[in-house]
Amino acid sequence: MDYKNTVNLQDTSFPMRGDLAKREPQMLDKWTKQQRYQKIRQICAGRDKFILHDGPPYANGQLHIGHATNKVLKDIIIRSKTLAGFDAPYVPGWDCHGLPIELNIEKQFGKNLEPRDFRNKCREYANGQIEQQKSDFIRLGVLGDWDNPYKTMNFATEAGIVRALGEIYKNGYLFSGVKPVYWCIDCGSALAEAEVEYYDKQSPAIDVAFKAVDSQAVAAKFGVTLPADKSIYAVIWTTTPWTLPANQAICAGSEIEYALVATECDYIVVAKNLVEDALQRYSFIKDGQAIATIKGAELEHLRFEHPFYNRQVPMILGEHATDDAGTGLVHTAPAHGMDDYLVGVKYGLDLHNPVGNDGCYISTTEYFAGMNVFDANAEVIKLLTERQRLMNKTDITHSYPCCWRHKTKIIFRTTGQWFIGMDKQGNGGKTLREQANKAVDDTAFFPAWGRARLESMIGNRPDWCVSRQRQWGVPMTFFVHKETGELHPQSAEILEVVAQKIEVEGIDAWFELSADQLPEFNLADYVKLKDTLDVWFDSGTTHFTVVGTRPELQKSNLAAGEPAVDLYLEGSDQHRGWFQSSMLTGCAVNGNAPYKQLLTHGFVVDGNGRKMSKSLGNIVAPQQVISKYGADMLRLWVAATDYSGELSISDEILKRVSESYRRIRNTIRFLLSNINDFDITKDAVAIDEMVELDRYALAYVAQLQTRVNDELYPIYQFHLIVQELVGYCSEELGGFYLDVLKDRLYTSKADGHARRSAQTALYHITKALLGMLSPILAFTADEAWEVLERNSDDSTLFHTHHVVPAINDADSLLVKWSRLQEFRSLVLKELEEKRTGGLIGASLQAELVIHADSELYPLLASIGADLKFAYMVSKITLHQAESSSVEVKVSGAVKCERCWHYQDDIGGNEEHPTICGRCVENVTGVGEQRSYA
RNA sequence: GCGGGGUUAAUUUAAUGGUAAAAUAGUGUUUUGAUAAAGCACAGUUAUAGGUUCGAUUCCUGUACCCCGUACCA
């Protein structure tokens with residue numbers, strides 16, 4: 001007789017190889033047809049909500065691995081919250097306005113399109129990009145409302161952005177002011193940072209003397225008495241002579257040592273470390289001696305004469321003054337430089353800019369009116385020479401900002417802009433900075449250091465300049481007075497009327513609006529503002545425009561001042577971006593943060609920790625990973641990596657990940673195949689009647705569920721979850737429980753108690769395991785779930801986590817069996833020794849003689865005759881002893897043809913002469929009895 | 001330059017002021033009833049230099065390298 005047919009070798013439709021790249025798209029098709037997202041919404045209706053609000057990627061360009069990582073992390077959270085019993089909707093979004101799209105349209109169609117046509121092209125372009133990115137996101141298995149995502153260019157959203165601006169205006173945070181911007185004379189326009197390139201250019205470098213208003217006072221600071229016929233000059237160095245008409249101060253470094261240098265003519269002041277250099281340049285000085293030095297801080301507020309205007313300028317202090325070049329004293333023209341502007345604001349200097357849009361000085365500029373600024377360099381130098389203020393002139397070549405179109409030098413110009421003030425008291429009496437600081441305190445950060453980062457950024461940031469001079473953006477829908485520049489007194493009302501128009505027609509409604517269409521507002525003396533909003537304002541207000549307007553994203557029981565969103569999750573660069581813009585608008589509109597929790601992940605780098613770049617050739621594209629390994633592999637990589645730092649990816653790393661995947665997948669396959677003939681509704685063994693080892697296995701998996709589902713998912717520590725689950729599959733299941741179980745599953749009677757007990761445990765284990773895996777291995781878990789439930793329409797996400805039946809003596813079983821496992825590893829070591837010695841091959845060839853001490857003996861004895869199954873040998877003899885030890889003997893018995901144990905009772909049954917008594921019972925009787933293992 | 005973060009076996013990750021651990025890879029081996037699989041055994045690690053300490057991978061300081069953000073080059 002061929003006993004192989006009497007052994008319960010099961011099969012399953014769940015294949016060993018995932019073949020994910022090929023099969024995932026088929027699963028996606030099915031899920032889409034089933035409308036799984038919508039179905040989950042129905043199932044979850046009425047539960048407590050968990051809102052993860054999507055930060056919108058920019059609607060331009062191919063998806064890269066960073067996008068993929070971000071979306072996968074979000075999806076893991078959405079799925080884990082769903083399984084944990086929340087209603088967790090996910091509305092993906094896109095950021096649609098802004099310069100990069102404008103530039104693409106310009107590149108494609110030139111600069112001469114009609115504005116409306118131009119904006120339409122931008123809109124079409126953005127939609128095309130969104131469709132591409134969307135299909136990639138869907139391919140990752142990201143579950144969400146893809147048919148109805150939010151776009152910042154949706155008319156309703158555009159209207160919402162205008163309304164958000166209105167709220168901030170009403171709350172008193174918006175004001176107009178001036179700010180330096182990059183300006184290209186050839187374009188006649190401000191440039192964005194992205195449009196600036198740096199080239200080596202030649203500039204005149206001049207040293208200019210500023211005469212002290214009161215030289216004796218300056219000398220006194222140095223502790224020196226000045227001869228009556230001498231004066232003191234502070235010397236500055238500059239490469240932009242044309243900015244001297246706008247000079248309003250001289251800037252010194254407070255910690256830098258400055259020297260008073262006596263020469264045969266007058267006295268000069270320069271940084272001590274630069275005296276020699278300077279004197280070398282000033283060749284007309286034959287004999288110069290530093291006679292005293294003081295710190296820059298001492299010089300503050302001393303006054304000097306402008307070199308050619310009738311103007312006194314102060315000495316001020318600034319961090320940007322250094323003593324490694326020039327004279328250590330910095331010519332300060334607040335109208336023409338960022339540092340100069342900032343320090344100018346601090347000291348209350350005149351910020352007035354004497355240069356017009358055309359790059360020529362305005363008509364009131366003495367000496368230079370109407371002159372182009374670069375032409376003025378030579379004239380300034382000439383005038384300085386006449387006034388005897390020029391100490392030296394040379395030419396230098398240095399890196400200088402240029403327009404990326406014209407490749408010509410750009411200038412800094414202060415221009416009128418709109419700001420959201422950080423330190424301006426709002427109508428509620430608090431400044432935005434105060435409110436934001438408080439809101440940061442109230443926010444939970446994952447990981448914790450995010451707090452310090454956001455805090456320092458909000459603490460240091462200047463006012464937010466929200467106006468842009470662009471076409472593809474949401475307009476600032478204000479009317480300002482022709483003469484005074486004041487906003488119309490009914491601005492709030494006008495804005496709401498305009499918002500309603502935008503809701504219907506989009507932003508063109510504003511650009512094409514003429515004042516006489518709003519007769520009720522008396523706009524005769526007002527002009528329409530042409531500025532658009534910074535795109536960071538668009539995305540920063542999505543808590544208002546999207547979360548605030550979509551019913552599924554709103555919680556019914558929100559307390560006053562409670563953030564509307566549970567979690568924002570983005571890369572660490574967003575501390576300066578979306579996290580911050582959302583925080584500021586949240587505080588400016590509502591007085592509180594829009595989010596309760598902030599989660600940050602690092603950037604993706606290669607296997608050597610280098611950032612990915614074309615030149616290094618180390619870019620890993622998500623599309624490649626998916627087509628080679630499948631989305632679940634990418635998801636497993638994301639989950640297995642500690643995202644709080646950088647995320648490394650490389651071929652080797654992916655190979656290791658796919659090995660982990662294979663381990664998990666094969667474990668699932670073993671589980672499924674061994675419960676293939678098991679029906680929980682008919683075949684289940686009552687918990688109290690189960691074999692002890694099986695009850696232990698249930699206690700173990702329940703404990704693991706607590707760790708994974710209750711401890712780790714809520715704090716988003718997915719890499720620890722992967723460790724736990726891979727370890728579980730390898731050690732606890734593969735290395736112990738399933739290994740031990742094989743004998744019982746295969747050789748005991750198919751529907752006997754012993755096997756059904758094991759299958760009852762395996763069923764619960766599989767269900768619990770798939771639940772824990774499901775947020776990460778979205779495809780694989782549901783693929784297995786369909787097999788397990790014998791229902792191809794079901795999904796893990798249609799349920800909450802499986803509740804494993806409670807085990808009364810769980811704690812003591814866990815302790816007992818972990819001790820038995822410890823001793824088992826000693827047994828295995830002894831067996832291995834005999835194996836290398838050539839005495840045995842399979843462990844069933846061995847018998848054990850165990851001597852156990854008083855602690856161990858009762859444990860082993862309590863397992864009774866089942867102990868040999870736990871240790872997978874053919875026979876065990878147990879003795880109590882002083883100390884514990886194991887002796888391995890080669891069995892002298894005959895091998896049972898069916899169960900491969902070496903037994904003395906083979907041949908005891910005439911009909912079955914080659915099998916043991918246990919097998920005879922399993923083949924012909926009611927099946928063997930097991931109680932413990 | 002400044003602010004924030006990081007560096008544990010070949011790879012991904014643990015842990016602790018007191019012998020540094022797991023998985024995967026590697027080597028050897030067993031089984032051929034998880035077989036493009038599984039079991040077992042073996043081997044291998046705290047970036048670097050100091051400091052505090054009886055004892056430091058852990059706490060502190062410096063250095064190197066890497067990542068994110070930001071400034072400047074008048």
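Computed over heavy atoms, backbone and side chain alike; hydrogens, waters and symmetry mates excluded. The chains referred to below are lettered A, B, ... by the order of the sequence lines, with proteins before strands, and numbering in each begins at 1.
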>> Under 4.0 Å, counting only non-hydrogen atoms across every strand here, what does A:Thr240 touch: a base, just sugar-phosphate, or nothing?
In response: sugar-phosphate

> Quantified in whole Å, what is the P atom distance between nucleotide B:U61 and nucleotide B:U12?
Replying inline: 28 Å

> Can you find a donor-acceptor pair, distance only, under 3.5 Å between A:Arg453 side chain and B:C68 base?
Replying inline: yes

> Below 4.0 angstrom from OP1 or OP2 of B:C68, is there any side-chain N or O of A:Lys611?
Replying inline: yes

>> Rounded to whole Å, please give me the gap between CH2 in A:Trp242 and P in B:A74.
In response: 12 Å

> When the distance from CZ of A:Phe412 to C1' of B:A71 is rounded to whole Å, what number comes out?
Replying inline: 11 Å

> What does A:Arg665 touch in the nucleic acid at a heavy-atom separation under 4.0 angstrom: a base, only the sugar-phosphate, or nothing?
Replying inline: nothing

> Can we say A:Asp739 and A:Lys742 salt-bridge, meaning some charged N sits less than 4.0 Å from an Asp/Glu carboxylate O?
Replying inline: yes

> Quick one: which of B:A74, B:A25, B:A34 gets closest to the side chain of A:Phe670?
Replying inline: B:A34

>> So if I take every side-chain heavy atom of A:Met457 and compare against B:U24, B:A74, B:G69, which nucleotide ends up nearest?
In response: B:G69

> Is A:Gly841 touching bases, backbone alone, or none of the nucleic acid, heavy atoms closer than 4.0 Å?
Replying inline: sugar-phosphate

> From the list B:C68, B:A37, B:C66, which nucleotide is the closest neighbour of the side chain of A:Phe603?
Replying inline: B:C68

> Is there a donor in the side chain of A:Ser730 and an acceptor in the side chain of A:Arg663, or the other way round, less than 3.5 Å apart?
Replying inline: yes

>> From CD1 of A:Ile316 over to C1' of B:A74, roughly how many Å is that when rounded to an integer?
In response: 13 Å

> Taking OP1 and OP2 of B:A74, is either one under 4.0 Å from a side-chain nitrogen or oxygen of A:Thr239?
Replying inline: yes

> When you compare B:C72 with B:G62, how far apart are their C1' atoms, in angstrom units rounded to a whole number?
Replying inline: 26 Å

>> Please report the distance separating the C1' of B:C67 from the corresponding atom of B:C54, rounded so that it comes out in whole Å.
In response: 39 Å

>> On the nucleotide B:U30, are OP1 or OP2 found under 4.0 Å from the side-chain N or O atoms that A:Arg835 carries?
In response: no

> Counting side-chain heavy atoms from C-beta on, which of B:U13, B:A74, B:A23 comes nearest to A:Glu731?
Replying inline: B:A23

>> Would you measure the distance from the C1' atom in B:A47 across to the matching atom in B:A64 and give it in whole Å?
In response: 8 Å

> Separation of A:Asp11 atom CG from B:G33 atom C1', in whole Å?
Replying inline: 12 Å

>> Work out how far the C1' atom of B:A21 is from that of B:U53, and round it to whole angstrom.
In response: 25 Å

> Is it true that A:Arg656 and A:Glu652 have a side-chain N and a carboxylate O under 4.0 angstrom from each other?
Replying inline: yes

>> Is there a side-chain contact between A:Arg662 and the phosphate of B:A37, meaning an N or O under 4.0 Å from OP1 or OP2?
In response: yes

> If the P atom of B:G4 is compared with that of B:U24, how far apart are they to the nearest Å?
Replying inline: 40 Å

> When the C1' atoms of B:A15 and B:U58 are considered, how many whole Å apart are they?
Replying inline: 10 Å

> Does B:A38 have OP1 or OP2 sitting under 4.0 Å from an N or O in the side chain of A:Arg663?
Replying inline: yes

> What is the distance from CZ of A:Arg451 to C1' of B:G3, rounded to the nearest Å?
Replying inline: 17 Å

>> I want to confirm an ordering. Mapping A:Gln574 and A:Thr667 to their closest nucleotides on RNA chain B, which one lands closer to the 5' end?
In response: A:Thr667

>> ring-ring contact (aromatic ring centres under 6.0 Å, His included) for A:His901 and A:Phe869? Distances and angles first, verdict last.
In response: CA-CA 10 Å; A:His901 279 69; A:Phe869 298 111; 5.5 Å; yes

> If you check every side-chain atom of A:Met16, which of B:A36, B:C66, B:A10 has the closest atom?
Replying inline: B:A36

>> Using whole Å, what does the distance between atom P of nucleotide B:A34 and atom CD1 of A:Ile668 come to?
In response: 18 Å

>> Once you apply a heavy-atom cut-off of 4.0 Å, does A:Leu745 come out as touching a base, just sugar-phosphate, or nothing?
In response: nothing

> Which pairs count as ring-ring contact (aromatic ring centres under 6.0 Å, His included) when at least one residue sits in residues 636-664 of chain A, sequence neighbours excluded?
Replying inline: none

> So which nucleotide from B:G3, B:U13, B:A38 ends up closest to the side chain of A:Asn666?
Replying inline: B:A38

>> As a test of reading the structure: which of B:A41, B:A34, B:U11 is closest to the side chain of A:Lys829, going by heavy atoms?
In response: B:A41

> A:Met457 and A:Gln580: which non-hydrogen atoms are nearest, and at how many Å?
Replying inline: CB-NE2, 3.9 Å

> Of the non-hydrogen atoms in A:Ile236 and A:Thr327, which two are nearest, and what is the gap between them?
Replying inline: CA-OG1, 3.5 Å

> Hey, does the side chain of A:Lys655 come within less than 4.0 Å of B:A10's phosphate (OP1/OP2), counting only N and O?
Replying inline: no

> With a 4.0 Å cut-off on heavy atoms, is A:Leu9 in touch with a base, just the backbone sugar-phosphate, or nothing at all?
Replying inline: base

> Has A:Ser730 got a side-chain N or O lying under 4.0 Å from the OP1 or OP2 atom of B:U24?
Replying inline: yes

> Under 4.0 Å between a side-chain N/O of A:Arg669 and OP1 or OP2 of B:U35, yes or no?
Replying inline: yes

>> Can you identify which nucleotide, out of B:U32, B:G39, B:A25, has its nearest atom closest to the A:Asp739 side chain?
In response: B:G39

> Would you say A:Trp449 stacks on B:G6, if stacking means ring centres under 5.5 Å apart and planes within less than 30 degrees?
Replying inline: no

> Partners of A:Thr914 by side chain to side chain contact (heavy atoms under 4.5 Å, CB included), sequence neighbours excluded?
Replying inline: A:Tyr3, A:Glu897

>> Minimum heavy-atom separation for A:Arg824 and A:Ala870, please, with both atom names.
In response: NE-O, 3.4 Å

> Given the rule that a pair is Watson-Crick or G-U wobble with both distances under 3.5 Å, how would you write RNA chain B in dot-bracket, using | for pairs to a different strand?
Replying inline: (((((((..((((....[..)))).(((((.......)))))....(((((..]....))))))))))))....

> Quick one: on RNA chain B, does A:Ala452 or A:Lys4 contact a more 5' nucleotide (nearest heavy atom)?
Replying inline: A:Ala452

> Are OP1 or OP2 of B:A23 and a side-chain N or O of A:Tyr728 less than 4.0 angstrom apart?
Replying inline: no

> Looking at B:A34, B:G69, B:A36, which one has an atom nearest to any side-chain atom of A:Asp573?
Replying inline: B:G69

> With a 4.0 Å cut-off on heavy atoms, is A:Ser572 in touch with a base, just the backbone sugar-phosphate, or nothing at all?
Replying inline: sugar-phosphate

>> Donor-acceptor check, side chain of A:Asp207 to backbone of A:Met391, threshold 3.5 angstrom: yes or no?
In response: no

> Quick one: do the A:Thr243 and A:His331 side chains pair a donor with an acceptor below 3.5 Å?
Replying inline: yes

> Does one side chain, of A:Asp677 or A:Gln759, offer a donor that lies under 3.5 Å from an acceptor on the other?
Replying inline: yes

>> What is the distance, to the nearest angstrom, from the NE2 atom on A:His575 to the P atom on B:G4?
In response: 13 Å

> Quick one: which of B:U12, B:A38, B:C40 gets closest to the side chain of A:Lys742?
Replying inline: B:A38

> Within the modelled atom types, does a donor on one side and an acceptor on the other bring the side chain of A:Glu832 and the base of B:G28 under 3.5 Å apart?
Replying inline: yes

> Given the P atoms of B:U70 and B:G51, what is the spacing between them in whole Å?
Replying inline: 40 Å

> Whole Å only: how far is the CZ atom of A:Arg576 from the C1' atom of B:U70?
Replying inline: 8 Å

